[in-house]
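Below is one structure, written out as structure tokens; the observations come after it.
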Amino acid sequence: MLDPKLLRNEPEEIAVHLRRRGFELDVERLARLEQERKQLQVETQQLQAERNRSAKVIGQAKAKGEDIQPLVQAMADLKSRLEAAEGRLSRIQEELEALALEIPNLPHPSVPDGNDERDNLEIRRWGEPPRFSFTPRDHVDLGAALGQMDFEAAARIAGSRFSLLTGPLARLQRALIQFMLDLHTEEHGYTESYVPYLVNADSLRGTGQLPKFEEDLFKLAGEHEYYLIPTAEVPVTNMVRDRILDAEALPLCYVAHTPCFRSEAGSYGKDTRGMIRQHQFEKVEMVQIVRPEESWERLEQLTGHAERVLQMLELPYRVVVLCAGDLGFSAAKTYDLEVWLPGQQKYREISSCSNFTDFQARRLKARWRDPESGKPELVHTLNGSGLAVGRTLVAIMENYQQEDGSIGIPEVLRRYLGGLERIAS
RNA sequence: GGAGGGUUGGCUGAGUGGUUGAAAGCACCGGUCUUGAAAACCGGCAUGGGUUCACGCCCAUCCAGGGUUCGAAUCCCUGACCCUCCGCCA
């Protein structure tokens with residue numbers, strides 16, 4: 001959520017920033033509602049003050065044993081006017097609130113202009129795409145040949161967009177998770193955390209998935225209103241919801257491995273082959289809760305932590321900064337890491353690192369006590385995949401494939417696989 | 001599934017219809033004292049909003065939503081969450 005004061009006082013400027021990301025702020029409607037709100041609020045508060053005064057007078061009169069009937073009768077009219085005013089005010093406030101919840105974050109000035117992913121800006125590359133003396137296969141063919149990846153069985157068990165791994169390939173995925181968690185906890189200073197995979201609607205509102213993106217989520221039927229998490233960002237960031245943190249506690253850095261569940265509504269026909277886009281996938285996620293003044297520096301650092309995983313796995317990748325039009329709803333700035341996939345001859349997203357500034361914090365009421373002011377102030381939140389595990393598995397298969405269809409194991413993973421150096425059928 | 005208890009400020013915790021936005025303690029901030037610190041003592045200290053050049057004044061908020069009442073943290077109803085015991089269970 002944006003700062004309501006800013007929204008009230010400088011709607012035109014805000015509209016300009018939001019237009020960069022393709023969001024048209026209805027300034028006139030906002031101004032109309034605002035004006036109405038203000039007028040109704042003043043009126044309501046005056047009536048409330050009057051009611052409070054009268055009630056006090058009646059109390060005092062009663063204490064003295066005077067007749068309060070005339071005073072009570074005089075209140076009747078006031079009461080009905082107050083009720084009407086309160087009703088109208090709360091309707092306006094609800095409308096404003098609903099409007100505010102659907103306004104995305106402001107893009108940072110350093111975010112390039114652009115409409116969609118084609119306008120994202122590559123800012124650096126690492127590693128060389130491997131050269132093969134044979135025609136490289138994609139992970140689907142490789143997995144099938146190994147007999148360790150079975151999409152037909154997955155479809156029978158669940159449906160499309162699910163995958164099934166067995167044997168060394170399944171173990172490789174587990175090894176990747178272990179490796180990433182160890183790296184981030186031991187070398188990057190994150191605290192490992194285990195979190196709920198089902199969350200309530202408040203948590204999803206806090207991080208910005210609701211109310212606007214309900215169709216992307218799996219909602220459980222049953223007496224409780226639970227949703228499957230689309231990313232660990234939701235439970236982990238919500239660790240600080242409704243809290244006031246001590247200054248010394250910051251920054252808070254958490255890493256969690258969780259499965260992620262996404263309905264992929266609206267992506268019909270996109271990435272239908274293989275395990276690139278699934279209803280269920282594993283991800284290791286880094287989350288940082290920081291002081292506002294250091295969030296931009298932290299974004300660079302966090303991105304570096306994600307890059308480190310790819311470097312240690314020796315997977316070629318590039319870093320792109322998302323253009324304003326491609327930014328996620330809550331993000332002020334996002335770096336995507338894209339790994340080279342020989343099966344597609346393309347760089348594909350494998351991590352997304354974002355600074356949400358105070359946008360999520362305001363929805364979450366996640367604050368810290370600034371020693372300067374002594375007042376509770378909003379924190380800044382950031383997160384980044386470190387990495388999307390399923391896609392990392394795909395990248396390893398495709399980049400480390402041999403002519404005979406076996407898969408080499410990156411050096412750093414072998415200790416997690418009992419020393420295994422290659423996966424063969 | 002059955003029975004009961006609870007939700008109050010940063011924290012602990014009093015408060016069962018009228019100066020209670022809320023006692024007390026802790027924490028925190030300032031001061032006195034001290035060579036310095038601690039202790040002791042004195043003072044300050046909720047959040048959001050409206051209005052004002054400003055001092056200030058006003059409104060809302062004691063889990064949420066309804067209700068009773070001239071007046072609700074306090075009474076009634078519904079819901080959420082937490083806890084305890086019993087049953088079942090990984």
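Since the model is a prediction, treat every value here as computed from it, not as a measurement. In what follows, every chain begins at residue 1, and chains take the letters A, B, ... in the order their sequences are listed. The figures that follow rest on heavy atoms only: side chains count, while hydrogens, waters and symmetry mates do not.
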Exercise. Does atom OH of A:Tyr197 have more than 12 heavy-atom neighbours from other groups under 6.0 Å away?
Worked result: yes

Separation of the [atom1] atoms in [N] and [M], to the nearest angstrom:
N	M	atom1	value
B:G1	B:G87	C1'	7 Å
B:G56	B:A37	C1'	40 Å
B:C63	B:U7	P	8 Å
B:G67	B:C57	C1'	32 Å
B:G13	B:U84	P	15 Å
B:G5	B:G21	P	29 Å
B:C41	B:G48	P	33 Å
B:G71	B:G17	C1'	8 Å

Problem set entry | Pair A:Arg161 + A:Glu264, salt bridge at N-O below 4.0 Å | no

Exercise. Can you list every pair that meets ring pair (Phe, Tyr, Trp, His ring centres under 6.0 Å) and has a residue in residues 246-275 of chain A, with sequence neighbours left out?
Worked result: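 Not a single pair qualifies under ring pair (Phe, Tyr, Trp, His ring centres under 6.0 Å).
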
Base, sugar-phosphate or nothing for [X]? Non-hydrogen atoms, less than 4.0 Å.
X	answer
A:Asp246	nothing
A:Arg8	sugar-phosphate
A:Leu71	nothing
A:Lys56	nothing

For this session: Report the C-alpha separation of A:Arg91 and A:Glu36 in whole Å, then their side-chain angles, then the decisive distance to 0.1 Å, and conclude whether the salt bridge (charged side-chain N to carboxylate O under 4.0 Å, His left out) test is met.
Result: CA-CA 11 Å; A:Arg91 273 194 300 280; A:Glu36 215 170 326; over 6 Å; no

Exercise. When the nearest nucleotide of RNA chain B is assigned to A:Gly59 and to A:Val42 on a heavy-atom basis, which residue is associated with the more 5' position?
Worked result: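 Going by which nucleotide is closer to the 5' end, it is A:Gly59.
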
Exercise. Which sits closer to the 5' end of RNA chain B, A:Arg37 or A:Arg53, going by the nucleotide each is nearest to?
Worked result: A:Arg37

Problem set entry | Heavy-atom contact window of chain A on RNA chain B, given 5' to 3' at under 4.0 Å | B:G10 to B:C81

Is [N] paired to anything, Watson-Crick or G-U wobble with both distances less than 3.5 Å, and if yes, which nucleotide?
N	result
B:A27	none
B:U47	B:A60
B:U84	B:A3
B:C89	none
B:G36	none
B:G18	B:C70

Problem set entry | Parallel, tilted or perpendicular, as decided by the 30° and 60° cut-offs, for the rings of A:His188 and A:His305 |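 A:His305 vs A:His188 ring planes: parallel.
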
Exercise. Does the side chain of A:Arg21 reach to within under 4.5 Å of the side chain of A:Val111, using non-hydrogen atoms?
Worked result: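 They are not in contact (no side-chain heavy atoms under 4.5 Å apart), so the answer is no.
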
Exercise. Can you list every side-chain hydrogen bond (donor to acceptor under 3.5 Å, both in side chains) pair that touches residues 75-90 of chain A, not counting sequence neighbours?
Worked result: A:Gln48-A:Glu86

For this session: Using only heavy-atom distances, determine whether the side chains of A:Asn383 and A:Thr237 contain a donor-acceptor pair under 3.5 Å.
Result: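 No, because no side-chain N or O of A:Asn383 sits under 3.5 Å from a partner of the opposite role on A:Thr237.
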
